[in-house]
Amino acid sequence: MSNEKKSRKPLVAGNWKMHHGGLSGVELAGAVARLAREVPHVELVIAPPYTALAAAAHECDAEAAGGRGDVRVAIAGQNMHASHTGAFTGEISSAMLKDSGCTWVILGHSERRQHFGETDAAVAAKTTAAFKQGLVPIVCVGETLAEREAGHTLEVVKRQLDAVLPVLHAHVATAAAIAYEPVWAIGTGKHAGPAEAEEVHAAIRGWLAATSATLAAQTRILYGGSVKGDNAAGLLGCPNIDGALVGGASLDAVSFGAIARAADALASS
Ligand code: PGA
């Protein structure tokens with residue numbers, strides 16, 4: 001593994017989507033917090049639904065305090081509004097995520113782009129708002145099957161990345177994360193092969209480097225899309241894949257644990 005890759009701690013983030021919004025979410029957060037002690041070379045983040053954020057954060061704090069005290073699972077929002085406050089019925093702001101115990105936020109997930117009409121400009125505005133509040137964004141990019149088949153993968157990903165690059169550069173010290181998630185691989189059981197994913201990750205690293213060498217060196221580029229325990233090592237072993245954004249397999253501690261352990265084994269080898 002290159003020294004530059006080694007300098008980036010692997011990040012494994014669980015996106016629970018619209019699952020585990022109550023007591024089951026608190027239990028899962030506790031299980032992930034216990035898991036964190038077994039994978040010290042990996043940074044773990046969970047993104048519960050809004051209704052479970054505060055309770056999950058509390059549970060993770062309690063587990064960390066009961067253990068060695070130094071391992072804490074970080075909490076992420078799955079989305080947020082770009083405004084700090086205001087008349088936006090049903091929305092949630094960066095300050096509210098912060099108040100609920102979040103330190104991270106997932107932005108521009110393809111489900112937000114596809115089903116809720118989020119544009120590149122909206123994702124950029126949210127990214128700016130997140131940094132302002134001290135939340136670290138995981139900005140998602142990725143092409144649809146039609147775009148891949150038409151040979152537009154890199155063009156689409158570059159367009160999505162270009163929208164947020166100036167913002168990421170302005171906050172280079174925060175070291176945000178980017179998640180490459182091919183839309184056709186999300187929730188389908190069809191993951192990109194390591195070489196297929198690495199090609200896009202290397203392109204993203206190159207675009208970051210064209211803006212700033214520091215930005216390229218510090219930004220963790222996660223792969224997302226049907227990551228499971230049995231494909232995690234192949235993906236995470238690639239030179240430009242620094243972690244995973246996990247949906248389905250993050251919904252129970254055993255399958256999430258298998259991915260976290262694969263990342264830990266690679267990072268400690
Ligand atoms: P999946 O979801 O792991 O269920 O494919 C990934 C994601 O949407 O972040």
Side-chain angles (χ1 to χ4, degrees), residues 10-21 24-25 28 32 35 42-50 52-53 56 73-80 102 104-118 123 126-127 130 136-145 147-148 153 156-157 160-161 164 176-194 196-197 200-201 204 220-236 238 241-263:
L11 176 64
V12 176
N15 175 10
W16 296 0
K17 308 192 181 182
M18 209 162 69
H19 304 280
H20 292 310
S24 68
L28 180 54
V32 175
L35 163 73
V42 179
E43 192 171 340
L44 293 180
V45 174
I46 51 173
Y50 302 137
L53 285 175
V73 174
I75 310 290
Q78 297 177 13
N79 174 40
M80 58 173 236
C102 292
W104 289 81
V105 60
I106 298 170
L107 295 175
H109 189 280
S110 65
E111 286 152 17
R112 300 295 318 168
R113 294 179 190 258
Q114 267 189 314
H115 307 309
F116 302 94
E118 274 190 24
V123 176
K126 290 178 181 205
T127 306
V136 188
I138 299 174
V139 180
C140 305
V141 297
E143 81 288 358
T144 63
L145 184 59
E147 288 164 341
R148 173 162 281 262
T153 299
V156 169
V157 171
Q160 293 170 335
L161 184 69
V164 293
I178 293 168
Y180 168 59
E181 298 205 304
V183 178
W184 49 270
I186 295 178
T188 58
K190 266 192 269 172
H191 67 96
E196 219 170 2
V200 181
H201 280 242
I204 294 172
R220 282 172 291 184
I221 309 176
L222 316 180
Y223 169 80
S226 299
V227 179
K228 307 271 181 268
D230 59 4
N231 60 31
L235 288 159
L236 295 170
C238 294
I241 302 186
D242 305 309
L245 180 55
V246 186
S250 73
L251 296 179
D252 81 70
V254 174
S255 50
F256 193 57
I259 296 167
R261 285 192 181 88

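For the single chain, residues carry numbers from 1 onward in sequence order. Numbering of ligands and ligand atoms starts at 1, following listing order. Quantities reported herein were computed from a predicted structural model and do not represent experimental measurements.
Close approach of ligand 1 to G187 is summarised as follows: ligand atoms under 4.0 Å from at least one heavy atom of the residue are 1 (P), 4 (O), 5 (O). Counting atoms of ligand 1 from 1 in the listed order, those under 4.0 Å from a heavy atom of G225 are 5 (O). Those atoms of ligand 1 with a heavy atom of H109 less than 4.0 angstrom away are 7 (C), 8 (O), 9 (O).
Here the protein heavy atom with the shortest distance to atom 9 (O) of ligand 1 is E181 OE2, 2.6 Å. For atom 4 (O) of ligand 1, the closest non-hydrogen atom on the protein side is G248 N, 2.8 Å. Of the protein's heavy atoms, G247 N, 2.8 Å lies nearest to atom 3 (O) of ligand 1.
Heavy atoms of K228 stay at 4.0 angstrom or farther from ligand 1. At least one heavy atom of K17 sits closer than 4.0 Å to an atom of ligand 1. Proximity of A249 to ligand 1 is not established, as no heavy-atom distance is less than 4.0 Å. A heavy-atom separation below 4.0 Å is not found between G224 and ligand 1.
T153 OG1 to Y180 OH: the interatomic distance, rounded to the nearest 0.5 Å, is 5.5 Å. The distance from atom CG of L245 to atom CD1 of I186, rounded to the nearest 0.5 Å, is 8.0 Å. Considering CZ of R220 and CD1 of I138, their distance stands at 8.5 Å, rounded to 0.5 Å.
Of the polar atoms of E111, none of the N or O atoms is found under 3.5 Å from an N or O of ligand 1, judged by distance alone. Considering backbone and side-chain N/O atoms, S226 comes within less than 3.5 Å of an N/O atom of ligand 1. In terms of N/O distances under 3.5 Å, ligand 1 is not approached by I186.
The backbone N or O of N79 lies less than 3.5 Å from a partner atom in the side chain of Y50, making a donor-acceptor pair. Distance alone, capped at 3.5 Å, is enough to place a donor-acceptor pair between the D242 side chain and the I221 backbone.
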query = Would V200 and Y223 count as a side-chain contact (heavy atoms from CB on, under 4.5 Å) if you check the C-alpha gap in whole Å, the side-chain angles of each, and the deciding distance to 0.1 Å?
reply = CA-CA 10 Å; V200 181; Y223 169 80; over 6 Å; no
task = Evaluate the side-chain contact (heavy atoms from CB on, under 4.5 Å) criterion for residues V227 and H191: first the C-alpha distance (whole Å), next the side-chain angles of each, then the deciding distance (0.1 Å), finally the verdict.
result = CA-CA 7 Å; V227 179; H191 67 96; over 6 Å; no
message = Let's go through L28 and W16 carefully: what are the C-alpha distance in whole Å and the side-chain angles of both, what is the deciding distance for side-chain contact (heavy atoms from CB on, under 4.5 Å) to 0.1 Å, and is it a yes or a no?
response = CA-CA 10 Å; L28 180 54; W16 296 0; 3.4 Å; yes
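Counting heavy atoms under 4.0 Å from ligand 1, residue N15 touches it through the side chain alone. Residue A185 touches ligand 1 through its backbone alone, judged by heavy-atom distances below 4.0 Å.
A salt bridge links E196 with R148; the closest basic N to acidic carboxylate O contact falls under 4.0 Å.
Side-chain contact, E181 with H109: a donor N or O sits under 3.5 Å from an acceptor N or O.
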